[in-house]
Asks: 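Handing you a structure now.
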Amino acid sequence: MTRKHTLTLLLLTALLTLSTACIRVEYDDCPPLRLQVVVKDKNYYNVNKVDLEDARPEDLPFRDYVPNLTYTVRNASTGETVAEKTLFDVPEDITTYEILLPEDLPFGNYVVDVWGGISDDEPLAANGLPLHPDGIVGGDPYHVHQSLTYDYRHASYTLEMERVKGKLIIETEHLPTVATQSDNSITQIRTLCAPDFVYSGSQKLTRHSDWTEQSIVDGAAQGTAEYRVWKTILAPSTADKATVLKLNFKDNAGTILERLLPKDVNITMHRNSLTVLRYVWAWIPDEQQYGWIIYILINDNWEVYHEMIVD
């Protein structure tokens with residue numbers, strides 16, 4: 001046999017051996033989708049600039065920030081709900097809550113909505129969370145909305161819950177003791193937070209305050225009470241400086257005290273932010289009478305509020 005024929009025979013033998021061999025490729029099991037829910041807004045973002053609000057420790061249990069939760073996980077393509085849980089109390093002593101998902105959940109795109117801090121006065125609806133329905137104050141709700149892709153390389157996500165509302169703080173200095181209560185009107189705040197975290201609507205809210213219960217320091221001499229503070233949780237404003245705050249101070253009989261009425265103030269409420277005003281009852285030299293000097297906290301500075309401005 002020639003050398004050429006021998007080489008050809010060897011090549012045919014090698015190809016035959018390879019064609020009959022079993023080639024096996026090992027794959028790991030598909031990793032399950034894990035969704036870890038944590039609290040992002042443990043404090044208002046500007047809390048360290050406001051003496052009237054205490055910052056909370058950042059390492060408290062989950063339920064100290066958000067006491068209850070409800071969630072829905074949907075297939076982004078079909079809209080099918082693959083996991084959900086109605087409102088429940090957050091377990092004690094956990095800092096992260098894991099959403100349980102079906103073990104056979106297929107790869108794909110999903111949309112997750114988690115709500116928390118929901119009060120009975122503000123029940124969650126299909127189109128989102130009503131904010132102050134029927135004029136109530138409501139709670140301090142939280143939300144996270146996230147679209148995600150579940151595949152072999154993307155199987156673990158952290159969902160950070162964010163605060164839905166903000167807080168208004170009003171401080172009075174030298175408030176005459178005859179003023180024992182007030183009706184506080186707040187306009188142009190949002191009515192709804194949708195599941196995609198988009199706000200809509202506009203409403204007016206009226207809150208009653210008993211100023212005899214707001215004292216930080218007991219009543220001072222000469223008919224004044226020092227440093228009284230009123231706080232309320234509010235939905236965001238419809239636009240910058242669009243919210244108008246009106247205070248109507250009243251006496252024990254509920255009669256409006258005309259000489260103590262401050263001018264209206266335009267403010268902006270933001271979610272997870274403190275909006276702070278200070279009303280100081282003082283002698284106004286230019287007017288030769290007592291009146292209100294109104295300050296608004298902007299960044300780190302107290303600025304005198306001079307007039308109503310709406311952008």
Side-chain angles (χ1 to χ4, degrees), residues 37-45 47 53 56 60-74 81 83-92 97 99 111-146 159-170 183-210 230-239 242-246 267-275:
V37 184
V38 299
V39 181
K40 177 182 178 181
D41 296 332
K42 297 177 179 179
N43 281 293
Y44 293 95
Y45 91 90
V47 68
E53 185 80 4
R56 308 182 72 185
L60 297 176
F62 193 114
R63 67 182 298 166
D64 283 21
Y65 309 107
V66 183
N68 55 37
L69 290 173
T70 178
Y71 63 80
T72 303
V73 183
R74 294 178 291 107
T81 298
E84 65 179 338
K85 192 169 184 178
T86 57
L87 195 66
F88 63 96
D89 291 335
V90 175
E92 296 182 1
Y97 180 82
I99 294 178
V111 178
V112 186
D113 281 292
V114 186
W115 297 88
I118 305 298
S119 70
D120 293 337
D121 295 328
E122 295 173 304
L124 186 63
N127 63 339
L129 181 69
L131 308 175
H132 313 296
D134 300 322
I136 58 93
V137 176
D140 186 16
Y142 281 72
H143 181 45
V144 59
H145 172 85
Q146 187 162 332
L159 311 180
E160 296 182 317
M161 300 202 73
E162 298 179 289
R163 182 178 272 114
V164 173
K165 298 179 182 178
K167 181 181 285 188
L168 173 64
I169 300 178
I170 300 174
D183 288 325
N184 312 324
S185 170
I186 303 122
T187 67
Q188 296 293 315
I189 56 175
R190 293 301 190 183
T191 62
L192 183 75
C193 180
D196 56 0
F197 226 127
V198 173
Y199 295 93
S200 62
S202 176
Q203 66 179 316
K204 175 182 177 180
L205 188 67
T206 300
R207 296 278 289 111
H208 181 79
S209 177
D210 182 350
W230 179 78
K231 302 180 180 182
T232 189
I233 296 175
L234 294 174
S237 298
T238 57
T243 298
V244 179
L245 172 66
K246 180 190 293 288
I267 60 175
T268 306
M269 295 299 304
H270 296 284
R271 69 155 209 90
N272 196 44
S273 177
L274 300 168
T275 300

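This chain uses plain numbering: 1 for the first residue, then up along the sequence.
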Asks: Strictly distance-based, threshold 3.5 Å: is any side-chain N or O of S273 a donor or acceptor partner for the main-chain N or O of Y45?
Replies: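 Checked: no pair found.
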
Asks: Under a 3.5 Å distance rule, please check whether Y199 uses its side chain to pair with a backbone N or O of I189 as donor and acceptor.
Replies: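 Side chain of Y199 to backbone of I189, a donor-acceptor pair under 3.5 Å: no, none is there.
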
Asks: For G117 and P67, work out which heavy atoms get closest and say how close.
Replies: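 Result for this residue pair: CA-CD, 4.0 Å.
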
Asks: When you look at V39 and F62, which way does the side chain to side chain contact (heavy atoms under 4.5 Å, CB included) test go after all the steps?
Replies: CA-CA 7 Å; V39 181; F62 193 114; 3.8 Å; yes

Asks: Which distance, rounded to the nearest 0.5 Å, do you find between the CG of L131 and the CD of Q203?
Replies: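 L131 CG to Q203 CD: 7.0 Å, rounded to 0.5 Å.
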
Asks: Would you say that more than 12 heavy atoms from the other residues, nucleotides or ligands in this model lie under 6.0 Å from the NZ of K231, or not?
Replies: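 More than 12 heavy atoms, drawn from other residues, nucleotides or ligands, come within 6.0 Å of this atom.
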
Asks: Quick check: closest heavy atoms across P130 and A125, and the distance to 0.1 Å?
Replies: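 In this case the closest contact between P130 and A125 is CD-N, 4.4 Å.
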
Asks: How close do I186 and W230 get, heavy atom to heavy atom, and via which atoms?
Replies: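 Closest pair (atom of I186, atom of W230, distance): CD1-CH2, 4.5 Å.
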
Asks: What distance do K165 atom NZ and T232 atom OG1 have between them, rounded to the nearest 0.5 Å?
Replies: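 With rounding to 0.5 Å, NZ (K165) is 8.5 Å from OG1 (T232).
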
Asks: Is it the case that more than 12 heavy atoms not belonging to D210 sit under 6.0 Å from its CG atom?
Replies: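 Yes, the 6.0 Å shell around CG holds more than 12 heavy atoms from other groups.
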
Asks: Write down the atom of L124, the atom of W115, and the distance for their closest heavy-atom approach.
Replies: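 Nearest heavy atoms, L124 then W115: CD2-CD1, 3.4 Å.
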
Asks: In Å, rounded to the nearest 0.5 Å, how long is the span from CG of D121 to CD1 of I136?
Replies: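 If we round to the nearest 0.5 Å, D121:CG and I136:CD1 are 4.5 Å apart.
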
Asks: I'd like to know whether R74 forms a side chain to side chain contact (heavy atoms under 4.5 Å, CB included) with D113, so could you lay out the CA-CA distance, the side-chain angles of the two residues, the decisive distance to 0.1 Å, and finally the verdict.
Replies: CA-CA 9 Å; R74 294 178 291 107; D113 281 292; 3.8 Å; yes

Asks: Hey, can you tell me if H145 and H143 have their rings parallel, tilted or perpendicular (30° and 60° cut-offs)?
Replies: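 Tilted, since the angle between the ring planes falls between 30° and 60°.
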
Asks: Side chain of N184, backbone of L245: donor and acceptor closer than 3.5 Å?
Replies: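 No, because the side chain of N184 does not come within donor-acceptor range (under 3.5 Å) of the backbone of L245.
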
Asks: Is there a donor-acceptor pair closer than 3.5 Å between any side-chain N or O of S200 and the backbone N or O of T191?
Replies: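 Between the backbone of T191 and the side chain of S200 there is no qualifying donor-acceptor contact (under 3.5 Å).
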
Asks: Between P133 and E122, what is the shortest heavy-atom contact and its length?
Replies: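 Closest pair (atom of P133, atom of E122, distance): CD-CG, 3.6 Å.
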
Asks: Which atoms form the tightest heavy-atom contact between T187 and T243, and what is the distance?
Replies: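 For T187 and T243, the tightest heavy-atom pair comes out as O-CG2, 3.0 Å.
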
Asks: What is the distance from atom CG of N272 to atom NZ of K40, rounded to the nearest 0.5 Å?
Replies: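 Here the interatomic distance stands at 8.5 Å.
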
Asks: Quick one, I118 with N68, criterion side chain to side chain contact (heavy atoms under 4.5 Å, CB included). Give me CA distance, side-chain angles, the key distance, then yes/no.
Replies: CA-CA 7 Å; I118 305 298; N68 55 37; 4.1 Å; yes

Asks: Applying the side chain to side chain contact (heavy atoms under 4.5 Å, CB included) criterion to M161, which one of V38, L69, D41 satisfies it?
Replies: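 Looking at V38, L69, D41, the match for M161 under the side chain to side chain contact (heavy atoms under 4.5 Å, CB included) is L69.
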
Asks: Out of curiosity, L129 CG to R190 CZ, how far, rounded to the nearest 0.5 Å?
Replies: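 L129 CG to R190 CZ: 15.0 Å, rounded to 0.5 Å.
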
Asks: So Q188 and T238, side chain to side chain donor-acceptor pair (under 3.5 Å) or not? Walk me through it.
Replies: CA-CA 6 Å; Q188 296 293 315; T238 57; 3.1 Å; yes

Asks: Within the distance-only criterion (no hydrogens, no angle test), does the side chain of R271 pair as donor or acceptor with the backbone N or O of R163 below 3.5 angstrom?
Replies: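 Side chain of R271 to backbone of R163, a donor-acceptor pair under 3.5 Å: yes, one is there.
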
Asks: Would you find a donor on one side and an acceptor on the other, under 3.5 Å apart, between the side chain of H132 and the backbone of V137?
Replies: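 Checked: pair present.
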
Asks: Rounded to the nearest 0.5 Å, what separates atom CG in D64 from atom NZ in K42?
Replies: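 The distance works out to 10.5 Å.
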
